[in-house]
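Working notes for the structure below.
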Amino acid sequence: MEIKSKLWIEIDGEPVFGRGRRFLLEAIDKYGSINQAAKEINISYRKAWSYIKAMEERLGIVLVERHAGGRNGGGATLTNEARDFLGKYKELEEGIREIVDGRFKKIFEKA
């Protein structure tokens, strides 16, 4: 038996960041493309773009730098602020997991 939990961040009751959006940013970082990242996590480009816009507006920081197409094509890269935010989120996620796992063992090992 194991415990699973979900963690997300909201601002004024609106979701800002969670696991799915983390995967989106990580895929953008990996592929250098919003379109390729969207395909990787099985969402439409339009939905990926709406997630990015919402995150940036609610957090008040630019997360993704977009590069217009041209001879070598366009692309996208994460900003330093995005990388910093991702690192903090991963640290939070790991800390929460440690707490939940410990509590789960404490409670269910008694049974």
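Annotation: side chain of Asp29 is not in contact with side chain of Leu86 (no heavy-atom distance under 4.5 Å). For the pair Leu78 and Val64, the minimum side-chain heavy-atom distance is below 4.5 Å. Arg66 is listed as a side-chain neighbour of Ile52, based on a closest heavy-atom distance under 4.5 Å.
Of the possible polar contacts, none joining the Glu65 side chain to the Thr77 backbone as a donor-acceptor pair under 3.5 Å is found.
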Solution key, residues 30-38 side-chain donor-acceptor pairs under 3.5 Å, sequence neighbours excluded:
{"residue": "Tyr31", "atom": "OH", "partner": "Glu40", "partner atom": "OE1", "Å": "2.8"}
{"residue": "Ser33", "atom": "OG", "partner": "Asn35", "partner atom": "N", "Å": "3.3"}
{"residue": "Ser33", "atom": "OG", "partner": "Gln36", "partner atom": "N", "Å": "2.9"}

Using distance only, find each side-chain donor-acceptor pair of residues 7-18 under 3.5 Å and give its atom names and separation, not counting sequence neighbours.
{"residue": "Trp8", "atom": "NE1", "partner": "Glu10", "partner atom": "OE2", "Å": "2.9"}

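Looking at residues two or more places apart in sequence or on another chain, you find no salt bridge (Lys or Arg N to Asp or Glu O under 4.0 Å) involving Arg103. For Lys6, the side chain to side chain donor-acceptor pair (under 3.5 Å) test picks out no residue, with sequence neighbours left out. In this structure, the salt bridge (Lys or Arg N to Asp or Glu O under 4.0 Å) partners of Arg97, at least two apart in sequence or on a different chain, are Glu94. Partners of Arg19 according to the side chain to side chain donor-acceptor pair (under 3.5 Å) rule, which considers only residues two or more places apart in sequence or in another chain, do not exist here.
Annotation: the span from Leu59 atom CG to Glu81 atom CD amounts to 11.0 Å, rounded to 0.5 Å.
Taking hydrophobic clusters as Ile, Leu, Val, Met, Phe, Trp and Tyr residues chained together by side-chain heavy-atom distances below 4.5 Å, Phe85 does not share a cluster with Val62.
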Next on the checklist: Working note: Arg21 + Leu63, criterion side-chain contact (heavy atoms from CB on, under 4.5 Å); need CA distance, chi angles, decisive distance, verdict.
Outcome noted: CA-CA 11 Å; Arg21 294 173 193 208; Leu63 297 170; over 6 Å; no
Item to check | Verdict with reasoning, Ile3 to Asp101, per side-chain contact (heavy atoms from CB on, under 4.5 Å) | outcome: CA-CA 7 Å; Ile3 185 85; Asp101 287 350; 3.6 Å; yes
